[in-house]
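To start, the structure under review is shown below, and the notes come after it.
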Amino acid sequence: MEPLIARSPWGPRGFLPGRRSALAAAASLGLSFALPPLTGRAAERRGAERAKSLLVLWMQGGMSQLETFDPHPGTAIGGPTKAVRTALPGVQFADLLPRTAERADRLNLVRSLTSAEGDHERATYFLKTGYRPDPTVRHPSAGAVAAYASPPEGLAIPAHVALAPAQWPPRGGYLGPRFDAFQVHNPGGPPANLTDVAAPARRERRLAGLDVLSRSFAAGRPGQLSRMRHDEATAEAVAMMDSPQADAFEIAEEPEALRAAYGDTRFGRGCLVARRLIETGVRAVEVTLNGFDTHADNFGGMATQTATLDPALSALLDDLTARDLLQSTVVLVMTEFGRTPRINPLDGRDHWPKGFSCLVGGGGLASGRVIGATDPAGEKPPTDPVSVQDLFATVFDSLGIDPEEEEMTPIGRPLKRAEGTPLTALRA
């Protein structure tokens with residue numbers, strides 16, 4: 001395992017100054033400045049007509065492949081975990097995911113994802129950006145690239161959103177803080193500081209006062225105001241406050257039975273909000289389920305985690321399918337690394353980047369395919385290994401984003417959107 005680099009790859013304190021703080025500051029002024037909402041037709045586009053979105057379900061902490069998508073029951077490495085049949089002939093999931101198993105044919109299963117990063121922070125950076133940490137550059141997350149490369153039209157809410165984010169949310173990297181994910185820590189209700197409480201006259205006075213401050217700051221500082229994006233961030237914030245599109249963050253109007261199907265959990269509500277955001281036109285959404293760092297009591301911990309994951313993921317797949325959104329949404333279920341075949345003395349599993357699992361599908365990709373296999377004895381490398389770089393190239397290619405296209409970083413260094421090659425096995 002490589003040592004943690006001295007400077008966090010995410011920037012000071014693990015984050016870059018971004019959209020959320022600017023929105024909160026502007027919202028506290030009680031400003032109101034609306035952009036036109038999406039038209040009815042734009043809100044109802046489906047399939048080939050609709051620009052594709054990326055939905056990442058992030059399993060924070062290192063989810064065990066052996067208790068989810070790659071069980072080895074009856075072996076020394078399998079532990080007490082049993083298996084259930086899936087909708088794919090001959091393919092089994094852990095018995096902790098019975099509902100997801102019934103829908104396994106809607107996505108693809110990669111059982112041989114490999115990484116060179118076994119530290120939480122470095123691995124998270126790698127699996128969210130497709131690049132290993134480099135002290136000379138901060139790479140954008142996949143969601144930031146999607147929002148940048150395919151900006152949505154007529155969208156008054158952020159194009160890149162993180163729901164229930166954990167320690168290292170997705171960032172804009174060298175694309176700039178405007179592509180940082182807008183963070184919603186308690187999904188299901190209105191985001192904090194979004195309600196306009198000022199009377200119209202008072203709002204106008206505050207807006208005028210803010211304009212005076214901006215012009216005063218700009219005096220003698222040519223170019224500085226535009227680089228800070230203060231005016232743009234303020235306009236985006238106040239537009240969002242008055243837009244009916246902001247209702248996509250709330251789930252109260254959803255049928256009670258549907259909310260119950262997702263599960264009354266932070267993650268379940270986040271998955272339902274994610275569907276609503278994508279239906280509205282948001283380009284990239286990440287929903288986090290924390291708590292997979294099972295160095296001790298792996299089997300009890302995984303039972304708890306999958307009790308949240310299974311209903312939410314299965315309901316999400318049903319919902320996306322019923323609303324004809326799956327073919328325009330790339331769904332990616334992943335984690336920073338897997339867990340060791342060896343069970344440690346604390347009845348836990350440790351970090352294992354050498355061969356772990358992810359689910360990927362929708363967005364015009366094939367479905368029901370399985371790539372790679374791991375050794376039931378836990379001694380040999382996985383067959384048909386898939387690199388993180390190839391996974392990212394596959395996702396971008398499916399989104400209609402050329403992974404070979406280069407972007408120029410602020411220091412004049414050209415970098416490809418992804419270093420890998422799209423997986424031909426996942427092409428429809």
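A ring-centre distance under 6.0 Å is not found for His160 and Phe179.
Between His139 and Tyr131, the angle of the ring planes stays under 30°, which puts this pair in the parallel group of the 30/60° scheme. Relative orientation of the Phe337 and His120 rings is tilted, given thresholds of 30° and 60° on the angle between their planes.
The CZ atom of Arg122 sits 13.0 Å away from the CG atom of Leu127 when rounded to the nearest 0.5 Å. In this structure, the separation between OG1 on Thr86 and CG on Leu109 is 8.5 Å, given to the nearest 0.5 Å. Considering CG of Asp95 and CG of Asp310, their distance stands at 10.5 Å, rounded to 0.5 Å. Expressed to the nearest 0.5 Å, how far CH2 of Trp58 lies from OG1 of Thr124 amounts to 4.5 Å. Taking CG of Asp70 as the reference point, atom SG of Cys358 lies at 11.5 Å (rounded to 0.5 Å). Here Glu253 contributes atom CD and Arg259 contributes atom CZ; the two are 10.0 Å apart, rounded to the nearest 0.5 Å.
Leu57 is listed as a side-chain neighbour of Leu316, based on a closest heavy-atom distance under 4.5 Å. No side-chain heavy atom of Tyr174 sits under 4.5 Å from any side-chain heavy atom of Arg138. Using a 4.5 Å heavy-atom cutoff, the side chains of Ser141 and Arg171 are not in contact. The shortest side-chain heavy-atom distance between Leu96 and Thr68 does not fall under the 4.5 Å cut-off. Between Leu346 and His295 there is no side-chain heavy-atom pair separated by less than 4.5 Å. Counting heavy atoms from C-beta outward, Val184 and Val273 have side chains that stay 4.5 Å or more apart. Between Arg427 and Asp397, some side-chain heavy-atom pair lies under the 4.5 Å cut-off. Using a 4.5 Å heavy-atom cutoff, the side chains of Asn298 and Ser64 are in contact.
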| task | Please lay out, stage by stage, how Met63 and Gln305 fare under the test side chain to side chain contact (heavy atoms under 4.5 Å, CB included). | result | CA-CA 9 Å; Met63 179 178 68; Gln305 293 301 99; over 6 Å; no
| Checking side chain to side chain contact (heavy atoms under 4.5 Å, CB included) for the pair Leu55/Val287: CA distance, chi angles, key distance, verdict? | CA-CA 8 Å; Leu55 173 51; Val287 191; 4.2 Å; yes
| task | Report the C-alpha distance between Ile157 and Leu277 in whole Å, list the side-chain angles of each, state the deciding distance to 0.1 Å, and finish with yes or no for side chain to side chain contact (heavy atoms under 4.5 Å, CB included). | result | CA-CA 9 Å; Ile157 59 178; Leu277 291 172; 3.9 Å; yes
| said: Before you tell me yes or no, could you show the steps for Arg339 and Glu67 under salt bridge (Lys or Arg N to Asp or Glu O under 4.0 Å), namely the whole-Å CA-CA distance, both residues' side-chain angles and the distance that decides it to 0.1 Å? | reply: CA-CA 9 Å; Arg339 291 280 150 181; Glu67 277 65 57; over 6 Å; no
| task | Please report the C-alpha distance between Arg269 and Leu163 in whole Å, then the side-chain angles of each, then the deciding distance to 0.1 Å, and finally whether the side chain to side chain contact (heavy atoms under 4.5 Å, CB included) criterion is met. | result | CA-CA 9 Å; Arg269 293 189 295 272; Leu163 302 168; over 6 Å; no
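Within the 3.5 Å criterion, the main-chain N or O of Ile251 finds no donor-acceptor partner in the side chain of Arg276. Checked by atom type and distance alone, the side chain of Ser243 never pairs as donor or acceptor with a backbone atom of Ala156 at under 3.5 Å. In this structure, the side chain of Lys380 does not engage the main chain of Asp375 through any donor-acceptor pair within 3.5 Å. In this structure a side-chain-to-backbone donor-acceptor pair under 3.5 Å is present from Thr394 to Asp390. Listed for the Thr329 side chain is no donor-acceptor partner under 3.5 Å among the backbone atoms of Val331. Remark: the backbone N or O of Ser357 is not paired with any side-chain donor or acceptor of Arg111 at under 3.5 angstrom. Without hydrogens or angle criteria, Ser398 side chain to Val395 main chain gives no donor-acceptor distance under 3.5 Å. Asn108 contributes a side-chain N or O that, together with a main-chain N or O of Val360, makes up a donor-acceptor pair within less than 3.5 Å.
Between Ser367 and Asp105, the closest heavy-atom pair is CB-O, 3.3 Å. Between Gly362 and Leu107, the shortest heavy-atom contact is N-CD2, 4.1 Å. Glu336 and Phe356 get closest at one heavy-atom pair: O-CZ, 3.9 Å. Across Arg99 and Ser314, no two heavy atoms sit closer than the pair CB-OG, 3.5 Å. Nearest heavy atoms, Ser112 versus Ala373: CB-N, 4.3 Å. Of all the heavy atoms in Ala116 and Phe126, the pair that sits closest is N-CE2, 4.2 Å.
Tyr148 OH: 12 or fewer foreign heavy atoms inside a 6.0 Å radius.
Comment: Asp318 engages Arg106 in a salt bridge, judged by a side-chain N to carboxylate O separation of less than 4.0 angstrom.
Results of the side-chain contact (heavy atoms from CB on, under 4.5 Å) test with Leu359 over Leu317, Leu313, Val110 single out Leu313 as the only residue that passes. When the options Gln65, Lys354, His72 are evaluated for a side-chain hydrogen bond (donor to acceptor under 3.5 Å, both in side chains) with Thr374, the one that passes is His72.
Remark: the Thr288 side chain and the Gln60 side chain contain no N/O donor-acceptor pair separated by less than 3.5 Å.
Evaluation of the salt bridge (charged side-chain N to carboxylate O under 4.0 Å, His left out) rule for Arg342 yields Asp350 as partners, not counting sequence neighbours. In terms of the salt bridge (charged side-chain N to carboxylate O under 4.0 Å, His left out) criterion, residue partners of Glu404 (sequence neighbours excluded) are, by chain and number, Lys416.
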